[in-house]
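In listed order, ligands and their atoms are each counted from 1. Just so it is clear, the model here is predicted, and its values are computed rather than measured.
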Amino acid sequence: MDDRPIGVFDSGIGGLTVLNEIMEQLPGEDIIYFGDTARIPYGTRSKETVIKYSFQCIKFLLSKNIKAIVIACNTASAIALKEASKHFDIPIIGVIEPGANAAVLTSKNRKIGVIGTTGTINSESYQNTIRKVDKNTEVIGIACPLFVQIVEEGWEDTDVAMLTSEKYLMELKEHNIDTLVLGCTHYPILRYTLAKTMGKGVNLVNPAYETAKATKEMLKDKNLLSERLNTSNYKYYVSDDPEKFRRIGGNILKREIRDIKKVDIENI
Ligand code: DGL
């Protein structure tokens, strides 16, 4: 048993979709969240930069006496998790493996679509992990970079979201997939639009939900679960604009975000 907090990080506010699931599934765990709001997006950056940024986020969280780290960002998980697990001596979990495993379990016709940032899709991390679990599965990855902006503008239920979704997902519809992985922190917020575009025969997999489940299992296996039944001890750190984080983040979390501090992440 271990009452220290879990550290969670993302490139900005998107990781709050993962945090939300962790709060629901692990109500006794204290959490420290870091959003790298000064340097978002990670999804368009080079591998070297995403690794450098992710290592700085991890070093910051390690200064807070945490017991484990959840990389809530799909791009950072796809590109930096392997390196980070080798480099840091603390349990670290990302969103790719939980999402990929759930997709394989969900698909019946073994045709799976994955959508994410350009960095996530180009890394082939979801594609390779899915094929590792089931080599006979066909995986089609599509980068949908505009979705992040659409969600950050609060346009998830508009015609703009619908038209963009139809344009991006056209190819996936032609491949007759039956499962779609929402491989970016922002996409669960677009789920109604995405579900409408893909139609009834396609199941959506939310890696945020699956990651919270996997985090619980990991903490249990390592004897790191907290003894508490409930907590509301959540602390937030950002690298820029705490006020914007409070406003937009509060909408995603559906609760007021109180304790937010700004951090100079470049000098970590
Ligand atoms: N959090 C990122 C992800 O899940 C999306 C935003 C970004 O590009 O940084 O891939």
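- By the criterion of a heavy-atom distance under 4.0 Å, the side chain of Asp10, and not its backbone, is placed next to ligand 1.
- Among protein heavy atoms, atom 8 (O) of ligand 1 sits closest to Gly43 N, 2.9 Å.
- Using modelled atom types and a 3.5 Å distance limit, the side chains of Thr75 and Thr117 yield a donor-acceptor pair.
- Residues Ile6 and Phe60 are members of separate hydrophobic clusters, defined by side-chain heavy-atom contacts under 4.5 angstrom among Ile, Leu, Val, Met, Phe, Trp and Tyr.
- Counted by atom type alone, Thr49 and Ser46 present one or more donor-acceptor pairs between their side chains at under 3.5 Å.
- A distance-only check finds no donor-acceptor pair linking the side chain of Asp259 to the backbone of Lys235 [under 3.5 Å].
- Arg45 contributes a side-chain N or O that, together with a main-chain N or O of Pro41, makes up a donor-acceptor pair within less than 3.5 Å.
- Residue contacts with ligand 1: Cys184 is placed with no nitrogen or oxygen under 3.5 Å of a nitrogen or oxygen of the ligand (distance criterion only).
- There is a side-chain donor-acceptor pair under 3.5 Å between Ser107 and Asp178.
- Residue-to-ligand polar distances place Asn74 within reach of ligand 1: an N/O pair is separated by less than 3.5 Å.
- Atoms of ligand 1 found under 4.0 Å from any heavy atom of Thr117 (numbered from 1 in listed order, with element): 5 (C), 8 (O), 10 (O).
- In this structure a side-chain-to-backbone donor-acceptor pair under 3.5 Å is present from Ser77 to Val95.
- Contact annotation: for Thr185 versus ligand 1, heavy atoms closer than 4.0 Å belong to both the backbone and the side chain.
- Close approach of ligand 1 to Ser11 is summarised as follows: ligand atoms under 4.0 Å from at least one heavy atom of the residue are 1 (N), 2 (C), 6 (C), 7 (C), 9 (O).
- For Ile40, every heavy-atom contact with ligand 1 shorter than 4.0 Å involves the side chain, none the backbone.
- Of all atoms in ligand 1, numbered sequentially from 1 with element shown, those under 4.0 Å from a heavy atom of Pro41 are 7 (C), 8 (O), 9 (O).
- Close approach to Thr75 involves these atoms of ligand 1, each under 4.0 Å from a residue heavy atom: 3 (C), 10 (O).
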